[in-house]
Amino acid sequence: MPVAKPESSDSRVIAHVDMDCFYVQVEQRKQPQLRGLPTAVVQYNEWKGGALIAVSYEARKFGIKRSMRGEEAKEVCPQVQLVQVPVARGKADLSGYRNAGSEVVSILARRGRCERASIDEVYLDLTDAAEMMLTDNPPQGMETIDEEALKSHILGLNNEDGSDVKENVRKWIHRHNADHRDKLLACGILIVAELRMQVLKETEFTCSAGIAHNKMLAKLASGMNKPAQQTVVPFSSVKGLLDTLPIRKMKQLGGKLGISLQMDMGVNTVGDLLQFPEEKLQERYGINTGTWLWNIARGISGEEVEGRLLPKSHGSGKTFPGPRALKTVPAVQHWLNQLCEELSERLCSDLDQNKRIAHTLTLHARAYKSSDSDSQKKFPSKSCPLRYGTAKIQEDAFNLFQAGLREYIGFYGDKTRGSHCRGWGITSLSVSASKIVPIPSGTCSIAKYFHGQSTSHFSSMQSSDNLNTEATLSLPSGSECYSEVNLSEPKIDFPKEESWIKDTVPDLDLQEQKDLSSTLSEKTQDGFIQEDISPLLLSEPE
Ligand code: DCP
């Protein structure tokens with residue numbers, strides 16, 4: 001049995017909702033004739049039919065996988081329908097997918113605190129809703145249980161051969177002698193089933209969910225039965241689940257830490273971690289990581305569901321693998337301009353729709369030097385205050401790139417300009433805007449602020465942005481608290497325009513930094529193809 005934990009964390013009802021083959025579903029909604037057919041979304045680069053980035057469950061039955069290219073998928077299943085990802089500015093345009101994700105979030109947020117974790121994943125804290133149901137209309141007394149809820153998979157529920165699985169679920173939900181935690185989870189089962197059906201009704205999308213007492217367990221469970229199903233982890237099944245769970249399947253253990261646990265400590269399953277005292281893990285991996293490992297071995301995670309429906313940052317990136325590496329400064333500038341244009345558009349719509357401004361601009365790049373002993377050296381990420389307006393963002397991003405390149409190659413003179421390349425190549429570029437905060441007050445000064453920055457965006461922003469007329473923000477319930485726009489209060493803290501460039505990325509939290517880098521490595525692993533496609537670059541943390 002898991003070690004006793006504080007009642008408060010055991011008694012939470014947390015759900016992780018994950019859309020099924022998300023990009024495929026979005027494309028199938030656009031083209032309903034594709035529904036039910038083996039379908040995949042491919043990257044726009046047509047080399048060998050394009051890389052698959054999302055695969056329908058019908059296509060998976062034929063053995064089609066995300067690692068394949070379109071041509072390979074056609075060989076495996078000639079009738080597979082390949083849909084190209086929308087393209088804008090020479091790169092994938094994910095806005096349709098992002099908006100579709102927002103539709104889902106606005107529905108899920110109706111029953112509890114909701115955290116948008118990526119383009120197609122959401123955490124929900126349903127504790128209050130479950131407690132309320134338990135008081136007002138407890139499932140134990142319900143005559144009929146919704147069919148969707150009865151299809152739930154409850155870990156540890158004994159479904160011997162021949163037994164009626166739905167009947168077992170019904171009995172589990174109806175148990176009067178269950179402890180408080182299981183009764184709360186029973187409520188969670190009903191609430192999540194209802195929410196998933198509502199998502200289907202309003203958006204035509206199916207999703208899967210995990211329901212447990214914390215985020216970590218809910219996330220593990222949501223992927224266990226897909227598509228369009230939900231899995232529940234009662235407290236009593238936590239140990240059984242973790243004992244055999246391969247360590248690398250655990251969030252945050254897919255990388256170096258997971259490898260070290262396997263290689264250095266002989267830990268292959270999460271359960272294997274139980275043999276180590278906390279001090280030993282701390283000694284080897286540091287205090288925080290050691291304690292975290294000790295906790296996850298016991299299914300303990302105190303991580304809260306953050307009330308966040310909007311992205312923490314915005315990013316736009318593209319990879320240039322193999323011979324596509326950018327080898328001249330003008331080529332880099334060209335692509336930076338495209339990325340910044342996209343970023344600027346998204347910042348404007350965030351300002352327009354959500355009344356939020358971003359404070360920090362960051363440039364990340366991956367590079368190589370062809371003739372250098374120091375080939376391990378990374379291209380330094382650089383950040384500076386963000387100035388609104390496409391031209392300013394482009395200018396600042398280019399300056400960040402130049403500063404990074406100077407440091408990366410050790411010197412930077414005129415010889416690196418123009419078409420001349422001194423043996424470096426850029427294999428990925430991304431720009432991101434972070435430290436996004438709601439506007440506290442003073443729309444008048446916002447107009448002044450942008451007016452001061454004679455940019456091409458100002459006019460479009462002014463026309464689309466009802467900053468001076470809209471007094472309150474309309475957001476789905478469960479969202480963070482936003483300040484009212486106050487016309488009589490012009491004080492606002494905008495980023496100063498002094499020029500500073502920082503080496504680190506202080507405004508992206510660890511998870512975001514990890515996401516950005518894993519995005520880039522994921523893409524380059526695939527050779528020429530997976531360009532700018534990861535949901536993680538959306539920084540939700542997109
Ligand atoms: N995606 C991408 N590149 C990747 C991984 C994912 O572009 N390397 C995009 C396409 C996916 C979406 O993000 O549809 C969500 O990714 P998931 O990993 O959640 O996978 P799916 O939703 O496609 O399928 P599943 O039902 O297995 O979750």
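Order of appearance sets the numbers: ligands from 1, and atoms from 1 within every ligand.
- With Ile53, Val26, Asp120 as candidates, the residue nearest to atom 10 (C) of ligand 1 on a non-hydrogen basis is Ile53.
- Of the polar atoms of Ala54, none of the N or O atoms is found under 3.5 Å from an N or O of ligand 1, judged by distance alone.
- Between Phe379 and Phe401, a ring centre-to-centre spacing shorter than 6.0 Å is recorded.
- Aromatic pair Phe320/Trp335: ring centres closer than 6.0 Å.
- Per-residue contacts place Cys21 under 4.0 angstrom from the following atoms of ligand 1 (heavy atoms of the residue considered): 21 (P), 22 (O), 23 (O), 24 (O), 25 (P), 26 (O).
- Legend: residues meeting side-chain contact (heavy atoms from CB on, under 4.5 Å) with Ala149, ordered by chain and number and at least two apart, are Ile145, Asp146, Ile189, Leu190, Ala193.
- Near Asp18, the atoms of ligand 1 lying under 4.0 angstrom from a non-hydrogen atom of the residue are 19 (O), 28 (O).
- Of all the heavy atoms of Val24, none lies under 4.0 Å from any atom of ligand 1, so neither backbone nor side chain is involved.
- Taking 4.0 Å as the cut-off, Gln25 does not count as a neighbour of ligand 1 on heavy-atom distance.
- Between Phe22 and Phe205, the ring planes lie perpendicular to each other; the angle is over 60°, past the 30° to 60° tilted range.
- A heavy-atom separation below 4.0 Å is found between Tyr57 and ligand 1.
- The closest approach between any non-hydrogen atom of Pro227 and ligand 1 is not below 4.0 Å.
- In this structure, Arg60 counts as a contact residue of ligand 1, since one of its heavy atoms falls inside 4.0 Å of the ligand.
- If you check the side chains of Thr390 and Ser344, you find a donor sitting under 3.5 Å from an acceptor.
- Residue-ligand proximity, Met19 to ligand 1, at heavy-atom distances under 4.0 Å covers atoms 22 (O), 26 (O), 28 (O).
- The side-chain contact (heavy atoms from CB on, under 4.5 Å) check on Ala218 picks up Ile14, His16, Ala212, with sequence neighbours excluded.
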Item to check | Stepwise salt bridge (charged side-chain N to carboxylate O under 4.0 Å, His left out) check, Glu148 with Arg196 | outcome: CA-CA 9 Å; Glu148 192 57 36; Arg196 288 181 37 248; 3.0 Å; yes

